[in-house]
Chemist: 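Encoded as structure tokens, here's the structure I'll be asking about.
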Amino acid sequence: MTDAAGPRSEARASGPGASGGLAPEPHRPLTAVEAERIVDGMMGEAFAELAELVAFPSVAGVAETAGACAAAADWIVARLAALGLADAARVPMPDGSDAVLASAPAPEGAPTVVLYSHYDVQPPLDRASWRSDPFALTVGDDGRWYGRGSSDDKANTVIHLLVLARLRERYGDRLPVGIRVVVEGSEERGGGGLDRFAAQHPERLAGDVFLVQDTGSRALGRPGVTVALRAVANLTVRVDALAGSVHAGQFGGGAPDPAMALIRMLATLKNDAGDVTVAGLPAEQRWDGAPYGDDELRADAGVLPDVELPGSGDAASRLWARPSVSVTGFDVMPIAEATAAIQPAAAARLNLRFAPGTDAAASLELVRRQLREAAPWGVRVSFADESHGAGMRADPDGPLFRRFAESLSAAHGGAEVEHLGAGGSIPFCGAIAEALPDAELVLFGTGEPLTRPHAPDENVHPDELRSMAVAVLLFLDGFGSV
């Protein structure tokens, strides 16, 4: 690639199909006002396209929705092919999912930009808790667009499609940069498929900069890029103690209770203050980017009045720089079906986050070891459904990173771009950081605290979608100027 910090000097072909012996028409870079005008003109199309994509209940890893996942991928392939990306295809991944891959070659001296998003979504959970059908995009009284996947992550997929369409209108069949489109199909399952594919076939994903559009800002209209992701692991721990259920009156106090044993084991993972206390796992890291206060955390998470926040230190460090342990499922017996009986087994599903740069596999083994050692009464302990993904740290001083930050700032009226962390994880980023260490990573997106990803009433604010589209358009278009 050439110096990415400055515009290219070659002229570009203009108009659909421009090529051959005609002298290419030079372009000047779009101004923010011009880009905003272009994006404003596509907002109706954005809603219509997002409505079609949200309508696919593309929950990965579930037999009942496998067809919807395939249909969503095919929908994206068709859109990309219509934009002239002739190699667009649904590509099988090692975990059984499908990713959509497509590309357009880079003009001489121009960088290749990888546009990442994912089309799989979280299950809708309790449909009765939704204000409307989760798989029908609906405009709320607050102006937000509601639907499962509307923000995480289908709005970002639609942004890529529509911005590429606008670039085709402006440059014809010679885009100003090389493009790779990567739309993952199992990110919400913790990745795995695309991660392994990246390790096995890095050339299929290679680029100079990855625009990973799957995070967000700390507030609506406040530009931010994510520079650190915690590693992630999922772990199911099971405790067995009895051959079968027994009467609690007859054997209570004498027979070991697997649920009580498991509770005691889980309690060792945190101290009374709420800090993680896993032997050998560092838990005192500090966040050095934009601050995030306790009051913001309370408001964004909906913490009830008078309920204390767990953990010591500032909120940004607890959320973005340190490990966490969350119990996301617990199996013994549903209350509605409970009788006066001690159950023979109990299990818990744990979601674990580790500090950026931490080895997720090694950290997971530390958790397993502590749970085994904490098991009382000789109960049997087993583990299942384990998966993990690497965290990452981006370099905000990279030339393409800085250039995108300028575009994002311009899309927000010149506001300063904040460097944020993410408590969540995008396993693909860690895989790319390892497989393609020279590539720059820029993480951003339509998510902001009120979008409710993974919860009922997930939504995207059209103003946030608009701003992200303006930023991407400005960034990509800038390489076609003279």
Side-chain angles (χ1 to χ4, degrees), residues 61-62 123 125-126 128-129 189-190 231-284 301 303-312 318 322-354 358 360-388 454-455:
V62 180
L125 303 177
D126 181 11
S129 298
R189 275 170 47 190
V232 62
N234 291 298
L235 174 67
T236 296
V237 53
R238 177 185 170 102
V239 171
D240 287 88
L242 301 170
S245 58
V246 297
H247 195 294
Q250 184 177 4
F251 294 104
D257 181 345
M260 291 298 296
L262 181 53
I263 290 168
R264 288 169 58 109
M265 293 160 58
L266 295 177
T268 70
L269 300 179
K270 287 190 175 184
N271 61 21
D272 290 343
D275 295 310
V276 171
T277 52
V278 175
L281 187 64
E284 298 180 352
V303 179
L304 297 178
D306 301 324
V307 174
E308 297 180 1
L309 297 177
S312 58
R318 302 198 305 272
R322 296 178 182 173
S324 69
V325 177
S326 302
V327 179
T328 58
F330 200 98
D331 285 346
V332 183
M333 175 66 71
I335 292 176
E337 302 173 18
T339 61
I342 302 172
Q343 300 304 316
R349 178 71 163 174
L350 306 182
N351 183 267
L352 308 162
R353 307 285 167 156
F354 305 117
T358 302
S363 300
L364 184 58
E365 178 54 35
L366 293 175
V367 175
R368 286 195 296 258
R369 184 180 69 186
Q370 181 153 314
L371 290 171
R372 289 192 197 98
E373 293 177 351
W377 317 318
V379 296
R380 297 179 182 177
V381 179
S382 59
F383 302 100
D385 300 327
E386 299 174 16
S387 64
H388 57 83
H454 297 201

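Note that the numbering runs from 1 along the sequence shown for the chain. Just the heavy atoms: all of them, side chains too, but no hydrogens, waters or symmetry mates, feed the values below.
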Chemist: Where do Val246 and Leu242 come nearest, in terms of heavy atoms and distance?
Modeler: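 In terms of heavy atoms, the two residues are closest at CG2-CD1, 3.9 Å.
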Chemist: To check you understand the geometry: which heavy-atom pair defines the closest contact between Ala375 and Val381, and what is its length?
Modeler: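 That would be CB-CG2, 3.6 Å.
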Chemist: Working to the nearest 0.5 angstrom, can you tell me the gap between Ile335 CD1 and Met333 CE?
Modeler: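 Reported to 0.5 Å precision, the distance equals 12.0 Å.
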Chemist: Using the rule given for side chain to side chain contact (heavy atoms under 4.5 Å, CB included), can you reason through Glu373 versus Thr268, listing the C-alpha separation, both sets of side-chain angles and the distance that settles it, and then say yes or no?
Modeler: CA-CA 10 Å; Glu373 293 177 351; Thr268 70; over 6 Å; no
Chemist: Looking only at atom types and distance, does a side-chain atom of Gln370 sit under 3.5 Å from a main-chain N or O of Thr277, one as donor and one as acceptor?
Modeler: yes
Chemist: When rounded to the nearest 0.5 angstrom, what distance separates CG in Leu352 from CZ in Arg368?
Modeler: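 Atom-to-atom, Leu352:CG and Arg368:CZ are 10.0 Å apart.
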Chemist: Under 6.0 Å from the CZ atom of Arg380, do we count more than 12 heavy atoms belonging to anything else shown?
Modeler: no
Chemist: So, for Val232 and Ala360, which heavy atoms are closest and what is the spacing to 0.1 Å?
Modeler: O-CB, 4.2 Å
Chemist: Apply the side-chain hydrogen bond (donor to acceptor under 3.5 Å, both in side chains) test between Arg349 and each candidate in Thr328, Asp331, Thr236; give the one that qualifies.
Modeler: Thr236
Chemist: Using a cut-off of 6.0 Å, state whether more than 12 heavy atoms not belonging to Glu365 lie near its atom CD.
Modeler: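 Enclosed: over 12 neighbouring heavy atoms sit under 6.0 Å from CD of Glu365.
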Chemist: So how far is it from Lys270 NZ to Ser324 OG, rounded to the nearest 0.5 Å?
Modeler: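 Lys270 atom NZ to Ser324 atom OG measures 6.5 Å (nearest 0.5 Å).
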Chemist: Does Ser312 form a side-chain hydrogen bond (donor to acceptor under 3.5 Å, both in side chains) with Asp275? I'd like the steps, not just the answer.
Modeler: CA-CA 7 Å; Ser312 58; Asp275 295 310; 2.9 Å; yes
Chemist: To the nearest 0.5 angstrom, please state how far the OG atom of Ser382 sits from the CG atom of Leu371.
Modeler: 11.5 Å
Chemist: Could you check whether any side-chain heavy atom of Val278 comes within less than 4.5 Å of a side-chain heavy atom of Leu269, counting everything from C-beta outward?
Modeler: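 Val278 vs Leu269: side chains touch.
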Chemist: Mind listing the closest non-hydrogen atom pair of Ser363 and Leu281 along with its distance?
Modeler: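 In terms of heavy atoms, the two residues are closest at OG-CD1, 3.5 Å.
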Chemist: Could you walk me through whether Leu266 and Phe330 pass the side chain to side chain contact (heavy atoms under 4.5 Å, CB included) check?
Modeler: CA-CA 11 Å; Leu266 295 177; Phe330 200 98; 4.0 Å; yes
Chemist: Leu262 and Ala347: which non-hydrogen atoms are nearest, and at how many Å?
Modeler: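 Looks like CD2-C, 3.6 Å.
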Chemist: If you measure from CD on Gln250 to CD1 on Ile342, what distance do you get to the nearest 0.5 Å?
Modeler: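 Spacing of CD (Gln250) from CD1 (Ile342) equals 10.0 Å.
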Chemist: Give a yes or no on this: more than 12 heavy atoms of other residues, nucleotides or ligands lie within 6.0 Å of atom CG of Asp272.
Modeler: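 12 or below, so no.
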Chemist: Heavy atoms only: give me the nearest Gln343-Ser245 pair and the separation to one decimal.
Modeler: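 Heavy atoms of Gln343 and Ser245 come nearest at OE1-CB, 4.0 Å.
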